[in-house]
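Below is one structure; the comments refer to it alone.
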Protein chains: 2
Amino acid sequence: MAFPKISSSKQTPCEACPLRKMPTFRDFTQEELDFVSSFKTGELTLNAGTTVLSEGAQSAHLFTVLSGWAFRYKMLDDGRRQILNYAMPGDLVGLQATLMAEMQHSVEALSSLTLCVFERERLGHLYRDQPDLAFDITWIAAQEERILDEHLLSIGRRTAMERAAYLLAFLTQRGRASGLFRDDPTVVPLTQQHVADTLGLSIVHTNKTLKKLAERGLLRWGERGCEILDEEGLLKAAGWEGMPESKRRFI
Amino acid sequence: MAFPKISSSKQTPCEACPLRKMPTFRDFTQEELDFVSSFKTGELTLNAGTTVLSEGAQSAHLFTVLSGWAFRYKMLDDGRRQILNYAMPGDLVGLQATLMAEMQHSVEALSSLTLCVFERERLGHLYRDQPDLAFDITWIAAQEERILDEHLLSIGRRTAMERAAYLLAFLTQRGRASGLFRDDPTVVPLTQQHVADTLGLSIVHTNKTLKKLAERGLLRWGERGCEILDEEGLLKAAGWEGMPESKRRFI
DNA sequence: CGTGCTATTGAGCAGTTTCAAAAAAGGTGG
DNA sequence: CCACCTTTTTTGAAACTGCTCAATAGCACG
């Protein structure tokens with residue numbers, strides 16, 4: 001198995017970053033752009049199923065998802081796995097290992113994944129010289145916290161049906177805001193095992209729950225994942241209002 | 001009902017902050033201390049059961065817990081409640097409302113509670129002039145994220161018994177690190193309803209689960225809350241290693 | 001054509017919930 | 001200190017949701 005390498009050449013210069021053109025992300029000043037450009041030291045491309053970071057790892061790198069899907073998870077000793085959240089273009093990965101001693105969760109590529117690589121050491125410069133970017137990093141962390149709050153509410157208090165509907169509506173909203181559905185049909189690249197491990201349900205019950213949602217015409221399980229047919233219906237089935245939208249920050 | 005007022009006089013000047021003397025918190029430079037001192041605009045003291053911030057609120061303030069316990073929670077329309085996390089001395093409250101448009105969760109005092117009050121507007125100065133403090137705020141947000149990750153794992157994948165043991169071990173560790181158990185017996189000021197709403201269980205099942213833990217001699221439900229008798233035993237029952245310890249940051 | 005995932009389905013079981021009610025603990029005003 | 005009222009803790013029993021076990025089918029890959 002070939003070890004993934006970090007290419008030092010920037011396939012995608014920050015000036016031409018495709019994320020920057022999207023309406024959901026905030027604009028940068030030229031100075032910020034220059035800084036981020038010098039902060040970025042390379043790119044990393046991984047296949048689906050590859051581990052990006054492992055629990056306990058002390059990574060020297062901080063990443064931003066440039067394209068593709070990933071997910072964060074934790075495992076118990078006996079193999080029980082809980083998926084904590086999904087990372088999409090613009091999301092920061094590995095901030096924990098950068099700020100604290102080590103990662104307390106693992107990260108795996110859900111699809112083919114490209115990451116921008118930043119040097120951990122230079123984060124201090126960012127805080128010293130780019131207060132607005134520093135603020136953005138805090139903003140991103142607070143945003144993640146918000147999402148985790150909602151997931152916690154979901155797993156703790158929603159029924160299996162509501163949970164499943166919530167998760168898919170959530171991924172749809174977030175995926176669209178991240179430009180992941182360019183090609184028309186809205187397909188989230190999950191297996192039912194991923195769904196089960198996110199919802200805190202067994203795979204059998206997850207299957208039966210998804211089947212009911214499919215019978216209601218809200219989704220269709222198909223080629224390489226879940227196709228969303230009725231986002232409104234999912235939101236209603238979840239009893240969820242959706243995420244408040246605002247300009248997203250990213251680095 | 002008297003509306004709680006923010007006293008503009010600082011009962012506790014930052015120079016004499018009791019948290020600063022504790023070994024778990026990091027030291028400040030004189031400059032940082034001066035800044036924080038000027039950042040703090042008052043103190044707020046609330047009774048147990050009082051709401052600190054409500055979901056949807058746009059608070060002009062940011063708080064740090066100076067003494068006492070609080071908890072964050074979200075509710076569904078039909079009244080189902082999920083407690084997300086607990087706030088203890090040194091913890092930041094209301095960062096979400098400060099960074100984004102509004103709070104997405106509520107905060108309530110669990111015991112008598114005293115908060116340091118900061119002005120939202122001045123946060124910009126902090127990021128501009130005090131990069132180390134800005135870094136600390138990000139660190140605090142990342143730390144909260146870590147805790148939420150662990151809670152998510154717990155609710156999603158641990159059994160009722162494990163969950164309960166985890167929660168109480170967690171509160172014990174964190175409470176001790178926050179100096180909340182000065183008076184000897186280790187008592188966490190919770191009702192079983194709080195425990196139930198944190199674990200995502202019904203109150204009836206929570207009661208039966210706690211009873212089993214009590215029979216094992218791990219805890220005792222008593223005067224105003226849960227008395228911890230065997231922290232090691234709880235950790236073992238939870239299958240949890242405890243939180244990695246490090247110098248905590250705070251403002 | 002065998003191997004290994006992923007998705008399905010059925011059946012019985014276990015952990016949790018809901019309903020109902022009683023006992024215990026705390027707080028308040030007299 | 002007592003009577004009364006409210007909140008919290010306990011218990012029992014019945015109903016369900018979701019879990020485990022087991023087996024089958026569909027596909028992709030080598």
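Here is how names work: the chains are called A, B, and so on, in the same order as the sequence lines, proteins then strands, and each is numbered from 1.
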Contacts under 3.5 angstrom, residues 205-213 of chain A side chains, donor-acceptor by atom type, not counting sequence neighbours:
unit_1  : atom_1 : unit_2  : atom_2 : d
T206(A) : OG1    : S202(A) : O      : 2.7
N207(A) : ND2    : Q192(A) : OE1    : 2.8
T209(A) : OG1    : H205(A) : O      : 2.8

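- Aromatic ring orientation, W69(A) versus F181(A): tilted (interplanar angle from 30° to 60°).
- In the displayed structure, D77(A) atom CG is contacted under 6.0 Å by at most 12 heavy atoms of other residues, nucleotides or ligands.
- In this structure, L190(B) atom CG and dT9(D) atom C1' are separated by 14 Å, rounded to whole Å.
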Practice item. Check step by step if side chain to side chain donor-acceptor pair (under 3.5 Å) holds for T198(A) and Y73(A). Key: CA-CA 9 Å; T198(A) 309; Y73(A) 67 95; over 6 Å; no
Requested in this report: Carefully, step by step, assess N85(B) and E144(B) under the rule side chain to side chain donor-acceptor pair (under 3.5 Å).
Outcome: CA-CA 9 Å; N85(B) 196 15; E144(B) 176 78 8; 3.0 Å; yes
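- Summarising the geometry, the separation between CG on D197(B) and P on dT8(D) is reported as 12 Å, rounded to the nearest angstrom.
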Protein heavy-atom contacts under 4.0 Å, written 5' to 3' over nucleotides 8-25 of chain C as B (base), S (sugar-phosphate only) or - (none), form the string BBBB----SBBB------
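- In this structure, E215(B) places its CD atom 12 Å from C1' of dT10(D), rounding to the nearest Å.
- In this structure, the helix from dC1(C)-dG30(D) to dG30(C)-dC1(D) shows an angle of 50° between the axis at its start and the axis at its end, each fitted on 5 base pairs and rounded to 10°.
- Salt-bridge formation is detected for the pair R174(B)/D91(B): a Lys NZ or Arg NE/NH1/NH2 atom is positioned less than 4.0 Å from an Asp or Glu carboxylate oxygen.
- Put simply, CG on L210(B) is 12 Å from P on dT11(D), counting in whole angstrom units.
- By the 4.0 Å N-to-carboxylate-O rule, R176(A) lies close enough to E231(A) to be salt-bridged with it.
- Residues F118(A) and H61(A) place their aromatic rings such that the two centres sit no closer than 6.0 Å.
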